[in-house]
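Input: a single structure, listed below in C-alpha cells.
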Amino acid sequence: MGKLPVFVIPIVVVVLLGGLSFGAHKMLIVPKKETLAAKQKELADLEAKAARLQTVRDELARVEQEWMQAQADLQRIMETRSIPLSYSMPIEAMLTIAYELRHDLGPVITKWVESTGCTIESDVALPAPPGTPQPPPPSGFLPIVENLTLTIRGSLQQIEALYKALGECPRILTVGGLTLKPEGDTMIATVPFKVYLLVEAPPSAAAAAPAAGAGGMMGPGGGMMGPEGGMMGGPGMGPSGPPGPGGPPPGGPESGPAGGGGEDEGGGEE
C-alpha cells in the first residue's frame, strides 16, 4: 500500500473536524436549546399565572372592601331606620312590634311627613298588633304594615320633597302608586305606604335566605338591594338594605308613582 498523497491529508482532517463539530452540535447544543426553550415557555406560563394571581388578589380586596361597606351600611340602617328587634326570643319580638304599632310608629311617620312641610289630612290608621309571634323573615325585612294609605296635603314642591325624603324617614318605607288631585293652591296626595322593620333573624332563618331570597348584595351602580330584590334609597323606595324577599319588586305597582287611580295620576297641575 502506497503513501497517501500530501494534499489528501488536509482534506481528511477537515472532514474529521466537520464530523466532530456536527456530532457535538447534535449531541450537546441542540438538546440544550430544546431545554432552554422549554424553560422559557414554563417561565412565560408562570408569569401569566402570577399576573392572574395578582388580578384575583385585587378582586378579592375589592370584594372584601365592598363587604365591609355593606356591613357598615347595614349597621347604619339598623341604628337609624329601624328599632332593635331580635327573633332569638319570638315572644319578646312580638311585644316589641306591638309597642311599635301602638305607641311609636304613628308619631314617627307624622313627624316625618310634617318635616317636609306637608300635613296629614287622614288618620294614621295602623293595624292591630299580632296576637301570636310572626315567623322570622329570612331576608331580615319584616313588613309590619302591609298597607298604610295616607291623605297628604301640600304644594307640589312639598309633595316632591316628601317623595325624595323617603331615605330620611326613621322607618323603612316603600311607596305604591300615589295619586295627586289639585285643590286650590295645594295638592291632595293619596299615598299608599308599606312599612318594614329590619330584624335580627336566628341562624336557621338567615341560612334559608339564599334559597328563598333573590339577587345579590350589590345593585346596579353599587346600590344595595332592598326587600324582594327592589332597589331602595331612591324616590318612591326605601333605604339601602340587604337582599331578600318580602317587598315590592322594581318596576312593580309599589315601586313608585307610576300607578294608581284618581285624577292626575302620578302628577298634577301646578
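Nothing fancy with the numbering, it's 1 onward along the sequence.
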Salt-bridge test for Arg62 and Asp58: reply yes if a basic N is under 4.0 Å from a carboxylate O, no otherwise. no
Under the side chain to side chain contact (heavy atoms under 4.5 Å, CB included) test against Cys118, which residue among Thr186, Leu150, Ile152 passes? Ile152
Could you check if a side-chain atom of Ser155 sits within less than 4.5 angstrom of a side-chain atom of Asp185, using non-hydrogen atoms only? no
Report yes if some heavy atom in the side chain of Glu146 is under 4.5 Å from a heavy atom in the side chain of Lys194; otherwise report no. yes
Would Leu166 and Phe193 satisfy side-chain contact (heavy atoms from CB on, under 4.5 Å), going step by step from the backbone distance to the final call? CA-CA 11 Å; Leu166 278 170; Phe193 291 101; 4.2 Å; yes
Side-chain heavy atoms of Leu101 within contact of Pro130, under 4.5 Å: yes
Any donor-acceptor pair under 3.5 Å from Ser115 side chain to Trp112 backbone: yes
Hey, are the side chains of Pro127 and Val145 touching, using non-hydrogen atoms and a 4.5 Å cut-off? yes
Within the structure provided, determine whether Leu148 and Ile109 are in side-chain contact (heavy-atom separation under 4.5 Å). yes
Counting C-beta onward and ignoring hydrogens, is there a side-chain heavy-atom pair between Arg171 and Ile144 closer than 4.5 Å? no
Atom of Gly154, atom of Ile159 and distance for their closest heavy-atom approach: O-CG1, 4.0 Å
Student check: side-chain heavy atoms of Ile97 and Leu142 closer than 4.5 Å: yes
Using a 6.0 Å cut-off, check whether atom CD of Glu92 has over 12 heavy atoms from anything other than its own residue. no
Side chains of Leu180 and Leu156: does their closest heavy-atom pair fall under 4.5 Å? yes
Could you check Val191 against Tyr163 for side-chain contact (heavy atoms from CB on, under 4.5 Å), going step by step and ending with a plain yes or no? CA-CA 10 Å; Val191 189; Tyr163 194 59; over 6 Å; no
If you measure from CG on Leu126 to CZ on Arg102, what distance do you get to the nearest 0.5 Å? 12.0 Å
